[in-house]
Amino acid sequence: METDDAGNRVRFQLELEFVQCLANPNYLNFLAQRGYFKDKAFVNYLKYLLYWKEPEFAKYLKYPQCLHMLELLQYEHFRKELVNAQCAKFIDEQQILHWQHYSRKRMRLQQALADQQQQQNSASIK
């Protein structure tokens, strides 16, 4: 029983690490150039990994964009395009732009919340 638990824990950690690697477009390009996406067993494995989209598993992910990549990898056309380094570079640039936009938007929201709380505190003091 304990060996099953240990084996499941190792499997969970390995699959967690692998799924998160899918967020890296350069890694996807590496896999594509080495023909992994042409291997039916590997493609089936990618389909199996879709369980990571379930909230009980997704909560462990540090890089949630990996779920979007995992979803896109279900499409043969996307897998074929990843052989092209320019495709991987474009995806990488889009991820950076998204992150920058998200960071700025989050800072503005936090500032607005802080301003609102400060106004409420000032109003309650008067």
Side-chain angles (χ1 to χ4, degrees):
M1 186 82 160
E2 288 180 22
T3 58
D4 285 347
D5 287 345
N8 287 338
R9 189 173 27 254
V10 169
R11 180 178 178 175
F12 175 82
Q13 290 171 339
L14 290 172
E15 290 179 357
L16 173 63
E17 185 175 341
F18 178 73
V19 166
Q20 292 191 106
C21 286
L22 299 179
N24 183 340
N26 295 308
Y27 180 62
L28 297 178
N29 176 252
F30 170 85
L31 293 174
Q33 288 181 348
R34 279 146 187 85
Y36 283 91
F37 297 142
K38 294 177 183 175
D39 180 358
K40 203 162 197 72
F42 190 79
V43 172
N44 285 338
Y45 181 62
L46 292 173
K47 189 172 188 175
Y48 156 77
L49 291 173
L50 286 170
Y51 77 86
W52 282 97
K53 293 177 71 176
E54 298 299 322
E56 64 192 272
F57 295 101
K59 67 183 179 183
Y60 296 103
L61 297 171
K62 290 184 181 179
Y63 308 103
Q65 65 270 32
C66 68
L67 294 178
H68 185 64
M69 292 298 161
L70 181 59
E71 185 70 36
L72 290 173
L73 286 168
Q74 304 305 310
Y75 299 98
E76 183 179 6
H77 180 74
F78 182 72
R79 293 190 305 265
K80 286 182 178 179
E81 288 296 321
L82 285 169
V83 172
N84 182 352
Q86 284 302 110
C87 177
K89 183 178 182 202
F90 176 77
I91 294 169
D92 191 40
E93 290 169 351
Q94 293 303 305
Q95 284 182 335
I96 291 169
L97 289 171
H98 175 73
W99 176 77
Q100 289 173 336
H101 173 73
Y102 173 79
S103 295
R104 282 191 218 110
K105 185 176 179 180
R106 185 172 177 187
M107 283 179 27
R108 284 194 301 266
L109 288 172
Q110 288 175 333
Q111 185 61 45
L113 181 61
D115 292 346
Q116 182 182 16
Q117 288 174 344
Q118 187 177 16
Q119 287 175 353
Q120 289 173 349
N121 290 343
S122 296
S124 66
I125 293 174
K126 292 180 183 180

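Treat the numbers as computed from the prediction; the structure is a model and nothing was measured.
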Name the atoms and distances for all side-chain donor-acceptor pairs under 3.5 Å in residues 85-94, with sequence neighbours left out.
none

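Closest of all the heavy-atom pairs between Cys66 and Val19 is CB-O, 3.1 Å. Taking every heavy atom of both residues into account, Leu73 and Leu82 meet most closely at CD2-CD1, 3.7 Å.
Evaluated for a side chain to side chain contact (heavy atoms under 4.5 Å, CB included) with Leu46, the options Glu71, Met69, Gln74 yield exactly one hit, Gln74.
Looking at Glu15 and Tyr48, their side chains do bring a donor and an acceptor atom within 3.5 Å of each other.
A side-chain hydrogen bond (donor to acceptor under 3.5 Å, both in side chains) check over residues 30-46, counting only residues at least two apart or in different chains, returns the pairs Asn29-Gln33.
There is a path of hydrophobic side-chain contacts, each under 4.5 Å, that joins Leu50 to Tyr75. Both Leu70 and Tyr27 are members of a single hydrophobic cluster when ILVMFWY side chains are connected at heavy-atom separations under 4.5 Å.
A distance of 12.0 Å separates CD in Glu17 from CZ in Phe12, rounded to the nearest 0.5 Å. Summarising the geometry, atom CG belonging to Leu22 is positioned 12.5 Å from atom NE2 belonging to His68; distances are rounded to the nearest 0.5 Å.
Checked by atom type and distance alone, the side chain of Gln20 pairs as donor or acceptor with a backbone atom of Lys62 at under 3.5 Å.
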Residue pair Phe37, Leu28: steps toward the side-chain contact (heavy atoms from CB on, under 4.5 Å) verdict: CA-CA 9 Å; Phe37 297 142; Leu28 297 178; 4.3 Å; yes
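Within 6.0 Å of OH in Tyr63 there are 12 or fewer heavy atoms belonging to other residues, nucleotides or ligands.
In this structure, the side chains of Leu16 and Phe57 stay at 4.5 Å or more apart for every pair of heavy atoms. Residues Phe18 and Leu49 meet the side-chain proximity criterion, which asks for heavy atoms closer than 4.5 Å.
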